[in-house]
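To start, the structure itself, in structure tokens.
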Amino acid sequence: QKQLCFKGERVMWIQPTTLKELVALKSQYPSAKLVVGNTEVGIEMRLKNMLYPVIIAPAWISEMNAVQHTETGVTFGAACTLSSVEEVLRKAVAELPPYKTEVFQAVLEQLRWFAGPQIRNVAALGGNIMTASPISDLNPVLMASGSKLTLVSNEGKRTITMDEKFFTGYRKTAVKPEEILLSVEIPYSKKGEYFSAFKQASRREDDIAIVTCGMRVLFQDGTSRVEEIKLSYGGMAPTTVLALKTCQELTGRDWNEKLLQNACHLLAGEMDLSPSAPGGMVDFRRTLTLSFFFKFYLTVLQKLS
Ligand code: FAD
């Protein structure tokens with residue numbers, strides 16, 4: 001296969017064949033858009049009148065489409081489509097002990113309600129992350145689970161954890177312009193670790209979320225005492241966020257009704273919205289952050305018993 005390049009009057013489209021070529025192109029054109037499914041970029045160009053003069057398509061690069069089962073989880077090349085992610089995780093859930101696949105099951109739950117099959121068949125995992133939409137369905141799951149992102153540029157590779165520092169502003173990330181998201185590792189869960197994801201939309205299927213979340217708790221060995229907890233929300237701020245203060249306060253506590261009451265009180269304070277917040281439905285969205293936690297509380301309680 002040879003690198004392709006189409007030059008039009010306004011746009012140049014380049015399709016490299018190796019990672020080396022891709023990295024060199026991104027360093028040459030740092031503001032170029034990487035396009036896989038085109039389900040975000042296409043809409044921006046067609047409906048929002050955005051112009052991206054250089055487009056790079058990484059679909060042919062094998063590293064960007066690879067799937068690897070590692071010691072700690074499953075690593076997907078950033079250009080893997082959501083349908084292929086779904087297929088791999090479904091197989092992993094069927095084959096592995098359930099305690100290891102709590103996060104995978106939550107990703108599958110989000111994918112079940114993510115767009116329609118036409119979109120999932122072309123849209124990439126990397127595209128969802130890099131679009132950095134505050135209402136992404138997958139980013140709260142990746143953030144709460146501490147999924148690992150490997151970035152590559154001319155300078156080499158670096159791996160970062162998706163945490164509260166990854167999204168730096170509305171549709172902005174900590175990824176540098178000359179960097180490319182190479183792969184995403186979704187981790188196995190451990191014994192004593194539980195994970196859920198919830199999405200509320202106006203319509204169940206193929207609809208943009210109003211609020212969405214990923215929630216993880218790890219208990220101290222053989223107890224119901226919280227060792228670590230991460231609650232990540234979409235739709236409550238200009239970026240996907242972690243309820244850091246609430247999580248800090250709940251650490252070390254027992255999973256009981258007192259914790260539930262306290263968590264609701266803390267979340268109501270931390271997941272606040274101004275009455276003029278974009279998107280409206282302020283009271284409903286604030287209530288959803290608590291109802292999701294309530295569902296998570298009950299789900300975990302049931303698994304603990
Ligand atoms: P593209 O449009 O190809 O690219 C998106 C952005 O990511 C671009 O800025 C691109 O430069 C950047 N990018 C892509 N790959 C890389 C990389 N490897 N490194 C660096 N930058 C990169 N989203 C949801 O969360 N939930 C939904 O339910 C949902 N439903 C949708 C329904 C419809 C009808 C449509 C049109 C979109 C929907 N989306 C939804 C949004 C969209 O489909 C997803 O965000 C999708 O994952 C984007 O992937 P893509 O490959 O199409 O991105």
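Both counts, for ligands and for their atoms, begin at 1 and track the order of listing. Values below: every heavy atom of this structure, side chains too, minus hydrogens, waters and symmetry copies.
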Next on the checklist: Would Lys199 count as a contact residue for ligand 1, given that I'm defining contact as a non-hydrogen atom of the residue lying under 4.0 Å from a ligand atom?
Outcome noted: yes

Checklist outcome for this item: Near Thr131 (heavy-atom distance under 4.0 Å), the atoms of ligand 1 are 5 (C), 6 (C), 7 (O)

Checklist entry - Which residue and non-hydrogen atom of the protein lie closest to atom 19 (N) of ligand 1, and at what distance in Å? => result Leu181 N, 3.0 Å

Next on the checklist: Parallel, tilted or perpendicular, judged at 30° and 60°: which one describes the rings of Phe294 and Tyr297?
Outcome noted: parallel

Next on the checklist: To check your reading of the model: name the closest protein heavy atom to atom 11 (O) of ligand 1, its residue, and the distance in Å.
Outcome noted: Leu34 O, 2.8 Å

Checklist entry - Do Gln261 and Cys264 touch side chain to side chain, with heavy atoms closer than 4.5 Å? => result no

Return all side-chain donor-acceptor pairs below 3.5 angstrom for residues 129-151, not counting sequence neighbours, or 'none' if the list is empty.
| residue | atom | partner | partner atom | Å |
| --- | --- | --- | --- | --- |
| Thr131 | OG1 | Gly127 | O | 2.7 |
| Ser133 | OG | Ile135 | N | 3.1 |
| Ser136 | OG | Asn128 | OD1 | 2.8 |
| Ser136 | OG | Leu138 | N | 3.2 |
| Ser136 | OG | Asn139 | N | 2.9 |
| Ser136 | OG | Asn139 | ND2 | 3.3 |
| Asp137 | OD2 | Lys199 | NZ | 2.8 |
| Ser145 | OG | Val141 | O | 2.8 |
| Ser145 | OG | Leu142 | O | 3.2 |
| Ser145 | OG | Ser147 | OG | 3.0 |
| Thr150 | OG1 | Thr159 | OG1 | 3.0 |

Checklist entry - What do the steps show when you test Glu86 against Arg112 for salt bridge (Lys or Arg N to Asp or Glu O under 4.0 Å), and what is the final call? => result CA-CA 9 Å; Glu86 200 173 347; Arg112 180 173 165 204; over 6 Å; no

Item to check | Sub-4.0 Å atoms of ligand 1 with respect to non-hydrogen atoms of Ile43 | outcome: 36 (C)

Next on the checklist: I want to know if ligand 1 touches Glu179 in the polar sense, i.e. an N/O pair below 3.5 angstrom.
Outcome noted: no

Next on the checklist: Please report whether atom 14 (C) of ligand 1 has a protein non-hydrogen atom at a separation of less than 4.0 Å.
Outcome noted: yes

Next on the checklist: Need the ligand 1 atom indices (1-based, order shown) with element for anything under 4.0 Å from a heavy-atom of Val35.
Outcome noted: 3 (O)

Item to check | ring-ring contact (aromatic ring centres under 6.0 Å, His included) pairs, two or more places apart, involving residues 59-107 | outcome: Phe104-Tyr188

Checklist entry - With a cut-off of 6.0 Å (strictly less than), are more than 12 heavy atoms of other residues, nucleotides or ligands near CD of Glu95? => result yes

Next on the checklist: Please list, in number order, the atoms of ligand 1 under 4.0 Å from a heavy atom of Ser136.
Outcome noted: 25 (O)

Item to check | Taking atom 30 (N) of ligand 1 as the reference point, the nearest protein heavy atom with its distance | outcome: Ala115 CB, 3.4 Å

Item to check | Numbered atoms of ligand 1 (with element) below 4.0 Å of Ala123, judged on heavy atoms | outcome: 46 (C), 47 (O), 49 (O), 50 (P), 51 (O), 52 (O)

Checklist entry - Does ligand 1 have any atom that is closer than 4.0 Å to a heavy atom of Gln110? => result no

Checklist entry - How far is atom 35 (C) of ligand 1 from its nearest protein heavy atom, and which residue and atom is that? => result Ile119 CD1, 3.8 Å

Checklist entry - Are more than 12 heavy atoms from other residues, nucleotides or ligands located less than 6.0 Å from atom CD1 of Ile210? => result yes

Checklist entry - For atom 12 (C) of ligand 1, what is the nearest protein heavy atom, given as residue, atom name and distance? => result Met130 CB, 3.6 Å

Next on the checklist: Looking only at side-chain N and O atoms, does Asn121 offer a donor or acceptor that is under 3.5 Å from a partner on Thr81?
Outcome noted: no

Checklist entry - Which atoms of ligand 1 are found less than 4.0 Å from any heavy atom of Val36? => result 3 (O), 51 (O)

Checklist entry - Could Arg90 and Glu87 be called an ion pair, given the rule that one side-chain N must be under 4.0 Å from one carboxylate O? => result no

Item to check | Minimal non-hydrogen separation, Lys230 against Cys247, with atom names | outcome: CA-SG, 3.8 Å

Next on the checklist: Just to confirm my output: which protein heavy-atom neighbour is closest to atom 25 (O) of ligand 1, and how far is it?
Outcome noted: Asp137 N, 3.0 Å

Next on the checklist: Taking the basic N atoms (NZ, or NE/NH1/NH2) and the acidic carboxylate oxygens, is any pair closer than 4.0 Å for Glu102 and Lys303?
Outcome noted: yes

Checklist entry - Which protein non-hydrogen atom lies closest to atom 37 (C) of ligand 1, naming both residue and atom, and how far is it? => result Thr39 O, 4.2 Å

Item to check | Geometric N/O contact Asn128 with ligand 1, under 3.5 angstrom | outcome: yes

Item to check | Mode of Met64 contact toward ligand 1 - side chain, backbone, both, neither (heavy atoms, under 4.0 Å) | outcome: side chain

Checklist entry - Backbone N or O of Gly214 within a donor-acceptor pair of the Ser232 side chain at under 3.5 Å? => result no

Checklist entry - Is there side-chain contact between Thr246 and Phe293, with at least one heavy-atom pair below 4.5 Å? => result no

Next on the checklist: Using a 4.0 Å cutoff against the non-hydrogen atoms of Ala78, which atoms of ligand 1 qualify?
Outcome noted: 18 (N)

Checklist entry - What protein heavy atom sits nearest atom 1 (P) of ligand 1, and how far away is it? => result Asn38 N, 3.6 Å

Item to check | Per-atom contacts of ligand 1 with Ala124, taking only distances under 4.0 Å to non-hydrogen atoms | outcome: 47 (O), 49 (O), 50 (P), 51 (O)

